[in-house]
Amino acid sequence: MLFLSPYFDAIVGISGSFIFLMGAGFLWGIDYAFSTITFEHDKLKLRGYFSMRRLDITYSDVEGFMLEESSDQLSGYHFRVCLILKSGKKIGLAKMAYSNYETLVALIESKFELLEIKRHLFAKWMPIIWFLSGVLALLVAMMKILK
């Protein structure tokens, strides 16, 4: 009965548009996060994973870099490098996007100035929360044993 419906074309069109836009958004997200970085004598070239995003930055355009505390499923809590341009734009480099991230950080540290280290409140309190959770779990286990 769906194929005989007068709204079938509209349903297929809307569904197809939705699937296309979701796929394009997904590919843009991958292209934005996973980029190839090339250091040249006076330029820093960023190329997206699917080459949709291209960014050429001269070293004089970069004000410095910032270490920002971040977390992901593979690396846990770590410091993510963010390049800060003189225009105020921040370019974050995800750790899970690069197999040789330590080499990348060393190259950035050798070429640019460290401006700040940014820690988030959640990450500062995380060890205390873990400790309190462990103590409370231990108290619950002791209460069950003593009953």
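FYI, side chains are in, hydrogens and waters are out, and symmetry mates aren't considered; it's all heavy atoms of this structure. Along the sequence shown, residues carry numbers from 1.
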Partners meeting salt bridge (Lys or Arg N to Asp or Glu O under 4.0 Å) with Glu102 (sequence neighbours left out): none

Which residues share a salt bridge (Lys or Arg N to Asp or Glu O under 4.0 Å) with Asp61, sequence neighbours left out: none

Do [X] and [Y] sit in one hydrophobic cluster, given that two such residues count as connected whenever their side-chain heavy atoms are within less than 4.5 Å of each other, even indirectly?
X: Ile117; Y: Val105; result: yes
X: Val135; Y: Val140; result: no
X: Leu114; Y: Ile91; result: yes
X: Leu132; Y: Ile129; result: yes
X: Phe79; Y: Val81; result: yes

Heavy-atom pair with the smallest gap, counting every atom of [X] and [Y]:
X: Gly92; Y: Cys82; result: CA-SG, 3.9 Å
X: Lys45; Y: Asp56; result: CG-OD1, 3.3 Å
X: Val62; Y: Lys86; result: O-CE, 4.2 Å

Nearest-0.5 Å distance that lies between atom [atom1] in [X] and atom [atom2] in [Y]:
X: Lys43; Y: Thr58; atom1: NZ; atom2: OG1; result: 8.0 Å
X: Lys90; Y: Glu68; atom1: NZ; atom2: CD; result: 6.5 Å
X: Leu44; Y: Leu83; atom1: CG; atom2: CG; result: 6.0 Å
X: Glu109; Y: Leu67; atom1: CD; atom2: CG; result: 6.5 Å
X: Ser133; Y: Leu138; atom1: OG; atom2: CG; result: 12.5 Å

query: Do Lys111 and Phe39 come within less than 4.5 Å of each other through their side chains, counting heavy atoms only?
result: yes

task: Would you indicate whether the side-chain heavy atoms of Ile57 and Leu46 approach each other to under 4.5 Å?
output: yes

Parallel, tilted or perpendicular: rings of Tyr59 and Phe112 (30°, 60°): perpendicular

message: I'd like to know if the side chain of Ser110 and the backbone of Leu107 have a donor-acceptor N/O pair within less than 3.5 Å.
response: yes

message: Please check: side-chain N/O of Tyr101 versus main-chain N/O of Leu93, any donor-acceptor pairing under 3.5 Å?
response: yes

task: Check the pair Ile145 / Met143 against side-chain contact (heavy atoms from CB on, under 4.5 Å), numbers first and verdict last.
output: CA-CA 5 Å; Ile145 291 173; Met143 287 173 53; over 6 Å; no

